Amino acid sequence: MTEAILRADSLHKRYGELEVLRGVTFEVGRGEVKVIIGPSGSGKSTLLRCLALLEEPDAGDVMLGGARPGRAEVGMVFQRFNLFQNMTALANVMVGLTDVRRLSKREAREQALELLERVGLKDKTEQYPEELSGGQQQRVAIARALVMKPKVMLFDEPTSALDVELVREVLDVMEGLARDGMTMVVVSHELRFAHHVASSILMMDQGVIVEEAPPGQFFSAPAHERTRRFLALVE
Ligand SMILES: Nc1ncnc2c1ncn2[C@@H]1O[C@H](COP(=O)(O)OP(=O)(O)OP(=O)(O)O)[C@@H](O)[C@H]1O
Ligand SMILES: [Mg+2]
C-alpha cells in the first residue's frame, strides 16, 4: 500500500444523546479513492464533515500527511451544490482565490478559467447557477473546490440530487480526477462507479466501519451479513 496521506484515528462524535461516530479509523493512501456506502443515518456525512474540519470530533484525530490539516488542504463537494446564487460560475470559482488566498483578480481569473475548462464548462463561465443544470452546477462546485489545490477531495453524495441523465457527466469528472491521481473519499451509492474507480469500499453502519475491501471482493464476497443486506437493497 502507498503511504497514507489522510488518516482518521478513532473518531467519536455525538449530538446530545446520539452517538453518531463510535470510533472510526481508516486511512487513505496518496492517489487512492475510497468509496463509503451505508444506510441513512449511519454517520457518513458526519464523518466527511469531521475530515473536512467542518465539525470538531469529540475524540480522535484527523491527520493529513502526518499533521493536522489546514482547511484549504481538504476540498469538499456537497450533495446540494451550495453555490453563491448571485455570482456567475466564474465568480464562484474565483472567490476563494481572491478572498482567502488573496490572489489578484487577474491571476484568480486565469486559474478559475482553467478549472472550469477542466470540468467541461468553458462556455458557461458567465452563467449564474439558476441558468445551469444540476450537473453543471455540481461541476462548478467541483471546480471551486479544486481551484484551492486541496490534497484530498471529499464528495458527499455528489450525484444523488441530480436527474439520472446528469449523473454521468459528474461521475466522468470525478473519474478523470481519480485518473489524474487525486486522493478522494466519496460517499456514493453509484455502485458501478464504485466498482470501476474505487481502490476500496467501506461499509458504514451505526457509526462504525463494518468492513473495507477492494471492489471485486466487496461486491462478490462481502464478509458481513450487514453489507450483504445493504447491497441487496441498493443494487
Ligand atoms: N448537526 C446535527 N445535530 C444533531 N444531530 C445530527 C446532526 N448532524 C447529524 N445528526 C444525526 O446524526 C446521524 C447521522 O447523520 P449523518 O448525516 O452523518 O448520516 P448519513 O449516513 O450521512 O445519512 P444520509 O445517508 O441520510 O445522508 C443522524 O441520526 C442525524 O440525525
Ligand atoms: Mg449524508
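Counting convention: from 1, in listed order, for ligands and their atoms alike. Note that the structure is a prediction, hence the values are computed from the model and not measured.
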> Got a sec: is Ser45 within less than 2.8 Å of the Mg ion (ligand 2) via an N/O/S atom?
Replying inline: yes
> Could an N or O of ligand 1 be found under 3.5 Å from any N or O of Val20, whether backbone or side chain?
Replying inline: no
> Is the shortest distance from a Lys or Arg side-chain nitrogen in Arg229 or Glu225 to a carboxylate oxygen in the other one below 4.0 Å?
Replying inline: yes
> Side chains of Phe26 and Leu47: does their closest heavy-atom pair fall under 4.5 Å?
Replying inline: yes
> To which of Ser42, Ser40, Gly16 does the heavy atom nearest atom 24 (P) of ligand 1 belong?
Replying inline: Ser40
> Are Asp61 and Arg7 close enough for a salt bridge, meaning some N to O gap below 4.0 Å?
Replying inline: no
>> Could you tell me, atom by atom, which parts of ligand 1 come under 4.0 Å of a heavy atom of Gly43?
In response: 14 (C), 18 (O), 19 (O), 20 (P), 21 (O)
> Numbering the atoms of ligand 1 from 1, which are under 4.0 Å from a heavy atom of Arg49?
Replying inline: 8 (N)
> Is the distance between the ring centroids of Phe230 and His224 less than 6.0 Å?
Replying inline: no
> So, Asp58 and Arg14, do they make that salt bridge, N to O below 4.0 Å?
Replying inline: no
> Between the candidates Cys50, Gly38, Gly41, which shows the shortest non-hydrogen contact distance to atom 23 (O) of ligand 1?
Replying inline: Gly41
>> Only heavy atoms of Pro39, strictly under 4.0 Å: list the atoms of ligand 1 that pass.
In response: 21 (O)
> In the protein, which heavy atom is nearest to atom 6 (C) of ligand 1, and how far is it?
Replying inline: Tyr15 CD1, 3.1 Å
>> In the structure I gave you, are the side-chain heavy atoms of Leu97 and Glu107 within less than 4.5 Å of one another anywhere?
In response: no
> Which of these, Leu18, Thr46, Leu47, Ile36, has its nearest heavy atom closest to atom 15 (O) of ligand 1?
Replying inline: Thr46
> Can Ile37 be reached from Val24 by stepping across I, L, V, M, F, W or Y side chains whose heavy atoms are under 4.5 Å apart?
Replying inline: no
> What are the atoms of ligand 1, with element, lying closer than 4.0 Å to any heavy atom of Glu157?
Replying inline: 25 (O), 27 (O)
> To which protein heavy atom is atom 21 (O) of ligand 1 closest, and what is the distance rounded to 0.1 Å?
Replying inline: Lys44 NZ, 2.8 Å
>> Taking the side chain as everything from C-beta on, heavy atoms only, tell me whether Leu177 gets closer than 4.5 Å to Ile142.
In response: yes
